[in-house]
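Here is the structure we will look at.
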Amino acid sequence: MPSAHSDTDLVKVDQDRNSQRWIAYIQKDLPEHLDWWPYTLGAIPLTLLGFLIVTGLLLTFYYVPSPGKAYESVEFITEEVYLGWFVRGVHKFSVDLMILFLLFHVIRVFLTRAYRTPGEWKWVTGAIVLFVTFAMGFTGYSLIFDNVSYWGMTVVTNMLGALPIVGTPLLYLLRGGEEVSDNTLLRLYDLHTKLLPVLLVVLVGGHVLVVRLIGFADVAGSRQSHPFYPVHTLLMGAVAVGMLLLIVDLVMIFPPTLGPPADLQEVAADVSPPWYFSAPFMVISLLPGPVALWGLLGGALLFVVYPFIDRELARRGWPMGVINATVGTIAIGALVILMYLDTQM
Amino acid sequence: MAIIHDDPGRRRFLSQAVMGFGLLFGMGLLGLRFVQFLVPTGTTKRNVPVLLGVEQSLPLNDAITMELGNHKLLVLRTNEGVAAFSRRCTDLGCLVSWDKRREQFICPCHQGIYDKQGRNIAGPPPRPLDRYEVVNRAGQVYVNLAT
Ligand code: FES
């Protein structure tokens with residue numbers, strides 16, 4: 001049947017052309033400024049997310065999300081399982097570094113105002129990625145179920161419960177009851193291992209896609225230079241290997257530890273959360289509850305919609321470059337001071 | 001009876017609108033049921049007096065912690081009488097404990113401080129500690145718990 005034959009041929013040609021298009025698309029040359037490291041900070045969290053998924057999957061084989069067993073199972077992973085301490089350590093340091101580099105990435109974008117039209121959605125999707133990552137951090141350290149986790153769970157769920165209207169239902173939804181209970185741990189486990197990772201991967205995918213579709217920000221004097229493959233891909237590979245080496249070293253020097261198990265009768269003497277929460281932690285320690293809550297929420301909202309604010313103000317002739325530099329410096333300064341205060345308490 | 005606007009476009013629009021609304025309503029209800037599935041039902045509350053003991057047997061100016069049902073309490077006897085407080089900090093729900101030397105209730109989470117009467121005097125807590133009603137019947141102290 002000659003006609004059928006030519007049909008498949010046509011499809012094949014079409015497929016070829018399609019894949020050619022995709023290759024050409026991915027191969028689109030990258031602008032020169034991507035050679036300078038501050039412009040590559042987004043790829044590092046992406047790599048770390050990969051590490052987190054792999055080690056996280058491994059950890060789920062031993063972790064038991066029940067209040068009676070959770071702490072024990074983490075202890076088992078850390079002390080008995082072959083290389084368990086190592087896998088847990090890589091998971092832990094990956095999230096620390098992921099958040100650190102996300103922050104660097106945000107700071108770079110903020111200072112260079114790379115979110116300007118048409119890049120608003122790059123910023124918005126990225127900002128949400130940051131918040132979901134924080135949620136992953138919170139649910140993750142709750143799972144350890146040591147005393148700091150337990151009271152952290154109580155404090156954070158209570159804070160969400162203080163929101164108007166949605167607060168009480170949300171509190172019940174998260175806790176699965178009036179109090180932090182067996183249900184709560186299971187729910188946070190489900191969030192940490194199912195809902196949030198899927199959300200995070202979709203959002204990160206969306207963010208990368210938006211960046212690819214909209215293109216990289218224009219930087220004066222930056223021309224098209226190297227192709228995505230092999231030059232840039234190799235570079236990213238090198239970064240990934242470098243990160244892996246760094247993390248392996250960190251894990252060996254600072255192997256993961258465990259606090260005392262959750263005590264439902266007594267709050268831990270020092271309930272300081274991991275470093276990436278110490279700034280909000282100090283805010284809720286220093287300000288009365290509602291003020292702190294609204295301050296944090298308002299700050300988060302401002303952060304997400306910042307490109308639109310910038311656009312509006314720039315239209316009115318405000319010197320946004322200078323303003324961003326000032327705001328950035330003040331924000332970083334405040335973060336550092338709050339973290340320092342936390343270590344002093 | 002004259003029907004003035006009986007054109008097909010308008011009829012289609014109306015039927016689609018009604019259908020769309022109905023579907024949306026149905027979906028909303030379905031969604032709500034699923035949320036209800038996730039939120040366990042609460043139990044009804046009633047007051048139960050629980051005997052704490054003879055007033056004189058409680059230590060003076062020293063709060064004792066106890067757990068009755070799922071209530072965590074601090075019972076403090078002063079010269080004014082016996083008071084029972086909830087241990088739950090009114091800020092974000094950590095457990096407060098009694099500092100004997102300072103005669104204050106201290107919350108370790110964000111350094112909330114309450115005085116002997118349970119009034120919030122420092123730190124983030126927005127209101128005094130919750131109190132349980134204490135009844136004294138001929139020297140026997142009861143506390144009223146809502147369970
Ligand atoms: S929970 Fe007690 S001071 Fe915040």
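Lettering of chains follows the sequences in order, A, B, ..., and the numbering in each one begins at 1.
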Nearest atoms (heavy-atom pairs only) where B:R87 meets A:Q265: NH1-O, 3.0 Å
Atom of A:L173, atom of B:V39 and distance for their closest heavy-atom approach: CD1-CG2, 3.7 Å
Segment of A:L287 engaging chain B (4.5 angstrom heavy-atom cut-off): backbone
Taking [atom1] in [X] as the centre, count heavy atoms belonging to other residues, nucleotides or ligands within less than 6.0 Å. Is the count above 12?
X	atom1	result
A:Y62	OH	no
A:Y340	OH	no
A:L302	CG	yes

Those residues that, when tested against B:C109, pass disulfide bond (SG atoms under 2.5 Å apart) (two or more places apart): B:C94
Contact listing (chain B partner; residues 151-159 of chain A; heavy atom under 4.5 Å): A:W151, A:T154, A:V155, A:N158, A:M159
Among A:L264, A:V180, A:N183, A:L286, residue most engaged with chain B (heavy-atom pairs, under 4.5 Å): A:L264
Which of A:G176, A:A162, A:A292 touches chain B most, by non-hydrogen pairs under 4.5 Å: A:G176
Choice from B:L92, B:L38, B:D91 maximising heavy atom contacts with chain A below 4.5 Å: B:L92
Option that, when pairs with chain A are counted at under 4.5 Å, heavy atom only, ranks first among B:Q111, B:H110, B:E67: B:H110
